[in-house]
Amino acid sequence: MKIGILLKEGPYNHQASDTAFKFAEAAIKKGHTVDAVFLYNDGVTNVTKLMDPPQDDRNIAGRWSELSKKHGVEILACIAASKRRGISDDVLIEGSAITGLGTLTDIAIRNDRLITFGD
Amino acid sequence: MKIGILLKEGPYNHQASDTAFKFAEAAIKKGHTVDAVFLYNDGVTNVTKLMDPPQDDRNIAGRWSELSKKHGVEILACIAASKRRGISDDVLIEGSAITGLGTLTDIAIRNDRLITFGD
Amino acid sequence: MENENIKKIMHVLRHAPHGTIYTYEGLEMILIMAAYEQDLSVVFIGDGVYALKKGQDTSGIGIKGFSKTFMALDGYDVEKLYVDRVSLEERGLTEEDLVVTVEVLDAEETGRLMKEQDVIIHH
Amino acid sequence: MENENIKKIMHVLRHAPHGTIYTYEGLEMILIMAAYEQDLSVVFIGDGVYALKKGQDTSGIGIKGFSKTFMALDGYDVEKLYVDRVSLEERGLTEEDLVVTVEVLDAEETGRLMKEQDVIIHH
Amino acid sequence: MLHTINKSPFEKNTFETCIRFLMPGDPLLFIEDGVYAVQSGNKFSPALEGVLKTNPVFALRPDLDARGITAIADGVECVDYEGFVALVEEHQVNSWF
Amino acid sequence: MLHTINKSPFEKNTFETCIRFLMPGDPLLFIEDGVYAVQSGNKFSPALEGVLKTNPVFALRPDLDARGITAIADGVECVDYEGFVALVEEHQVNSWF
């Protein structure tokens, strides 16, 4: 099955990003394709490479980057939402990209499921 | 009267930042000193200079920067909260700085009021 | 055959305007999706109905208003606008208070519509 | 004379743990403020009381747990821990369910304490 | 002690929680989405009437205007940001979210 | 249609709103702070019992464990992330915040 994920909140402040990641991992483990994670609202702040959490804590941006590299999951941030919140190509972590809402529509159309995580 | 402000949410997503700004402006206009705006939780994302909202919208980081220049208001982001969320000296707008929670304690002690805006 | 690629996508607006950006950014998403000729619907539940309240003037809070954009949805062929009856009543509002013509539905009717959807996005 | 610089600062914890970071970052703030020898108090209201629930094991969600840090507050001379009685009761909890010893207060007692504060910060 | 509330009473329990801790006479100011609490004729009007018997109640006019709320419960005083500052001059602040 | 709820029923009206729109038979999954709704013996237990009569109810076990919730209402099935995926295999998703 092909699954798209829409993530609407930033890292650490809300559990949404953690649950989305755990869900993606489990779906891949069960043999599904996670096509893309689309970041909207504050969700766009999930992919800044400047993120530098305490050593004993998870690195949320790094984790999305790994997922992209290992399993070909596209991590896409909405351009309008990114501009408002200071996310630009300069700070984007490897494996992520900035794109428009048309891409989210494509994701909604081409996947069997679109599941939202937010707050 | 000396007033400190604690701002706990990021720009655009929540009105907290707008209300804090309007309150600070009104307090200064009434002759009070706004000593500092301390940014905590997602609030630290108020001061990234990469913010680039639509032309017809307010620039929230720019507005805080102006307030600092014109009225000597310190705009201070908590270091631990900033690191988690990818706010570093590299992206800080003029007039803002990164500091520790001890500074917030000083602000709470030395001001007549500490007022919180959040979500 | 063409219809196989048409998806039923529902947007659920549940936040009051201005206090958070969800309704505004939700509307931006709806306007883009409208260009893709999918089967779109928009449902206003809870404080989402306040987004349609007539007479909003945001000049005092320094935030751009957008209630009039709902009137433009028709021009984008987004014609399925539904409002939850209980949400309207709890807030002491009637259809007369809203900036656009909507269809007022009981929860069961909305629940049935939800069940038919391929994609549901809450804002 | 020294006392003039001692402020009464109350932290109000109102969020459940883990779903949001507010309680955890609130606790980080409390620990730093504790070093400044102010008159600190911490009140747990609403879902904030869940932060003190015994038996939390966060390994499955991949987030660092912190309920045990509340036990360390005593060592930082943060001794005024209050829990709202109604919040506890509505959640079917008793003092036995909590990781630390707290004083359970009625809303009126908490309201009176709030009125005495110089600074109140909700998390 | 000035209490402020910025959440709609319909969506979050902030209003109902805050009023349990209000001491008689202390002012209550509604801001942002909190102002829906002072709209007359809604589900929370009876609760607000109860508060008005013991406490002065204010609402931030720019937030009411932004939301098109013109029917306001009797006894509620509307203030602008300057009035908000005036309340803060007189009281320490307890900001409820 | 799988409905998910991630908010504590005490703090936000998500639970009460969602159940108004549930069609009989559709599964309901509590995640994140939403899992407090399945804690037995709390204020929302009667409402949950009503839902259990018409709909299968699930709760995400890692979220229950994280919160130390061990007393769970009868009839609620606990699942891990894999079980969450299994529910999504069978149903389209309606995520309530």
Side-chain angles (χ1 to χ4, degrees), chain D residues 12-27 43-71 83-102 104 107 110 122-123, chain F residues 4-18 29-49 52 58-87 95-97:
Chain D
V12 186
L13 299 181
R14 284 177 42 227
H15 281 91
H18 319 311
T20 55
I21 204 170
Y22 299 109
T23 303
Y24 179 69
E25 288 194 332
L27 192 52
V43 185
F44 299 82
I45 293 177
D47 278 354
V49 306
Y50 277 136
L52 297 175
K53 178 82 180 62
K54 276 182 188 162
Q56 298 178 36
D57 171 9
T58 59
S59 55
I61 59 171
I63 296 178
K64 209 171 46 164
F66 58 92
S67 64
K68 293 204 165 102
T69 311
F70 288 110
M71 298 193 236
V83 165
D84 174 52
R85 189 184 308 280
V86 168
S87 302
L88 214 50
E89 288 172 357
E90 285 183 340
R91 285 158 187 80
L93 300 176
T94 68
E95 289 173 70
E96 301 296 305
D97 294 305
L98 310 183
V99 292
V100 285
T101 309
V102 296
V104 180
T110 303
H122 288 244
H123 297 278
Chain F
T4 70
I5 294 178
N6 77 339
K7 287 287 163 297
S8 162
F10 292 96
E11 298 299 305
K12 249 191 115 177
N13 70 346
T14 312
F15 171 68
E16 284 165 289
T17 304
C18 170
L29 169 66
F30 292 98
I31 66 172
E32 301 176 3
D33 287 345
V35 299
Y36 290 116
V38 306
Q39 179 199 18
S40 63
N42 80 28
K43 190 181 149 192
F44 291 91
S45 299
L48 185 75
E49 271 171 44
L52 277 160
F58 302 85
L60 200 54
R61 190 189 298 281
D63 279 319
L64 285 162
D65 292 346
R67 290 159 181 82
I69 302 301
T70 47
I72 293 159
D74 284 346
V76 174
E77 189 177 331
C78 296
V79 295
D80 52 15
Y81 293 103
E82 211 172 307
F84 185 175
V85 174
L87 286 165
S95 311
W96 296 79
F97 311 125

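The sequence lines fix the lettering, A, B, ..., with proteins before strands; numbering per chain opens at 1.
Your options are D/R91, D/E89, D/K53, and the one with the most heavy-atom pairs under 4.5 Å with chain F is D/R91.
Note that CG of F/L60 is 9.5 Å distant from CD1 of D/I61, once rounded to the nearest 0.5 Å.
Using a 4.5 Å cut-off between heavy atoms, D/L93 touches chain F through its side chain atoms alone. For F/Y81, the part lying under 4.5 angstrom from a heavy atom of chain D is the side chain only. Interface residue D/K54: only backbone heavy atoms are found under 4.5 Å from chain F.
When every heavy atom of D/P17 is checked against every heavy atom of F/D33, the shortest pair comes out as O-OD1, 3.4 Å.
Contacts between residues 8-16 of chain F and chain D, counted as heavy-atom pairs separated by less than 4.5 Å, involve F/S8, F/F10, F/E11. Residues of residues 43-52 of chain D that come within less than 4.5 angstrom of chain F, heavy atom to heavy atom, are D/G46, D/D47, D/Y50 in numerical order.
Proximity of D/H18 to F/R67: side-chain heavy atoms (C-beta onward) are separated by under 4.5 Å at one or more points.
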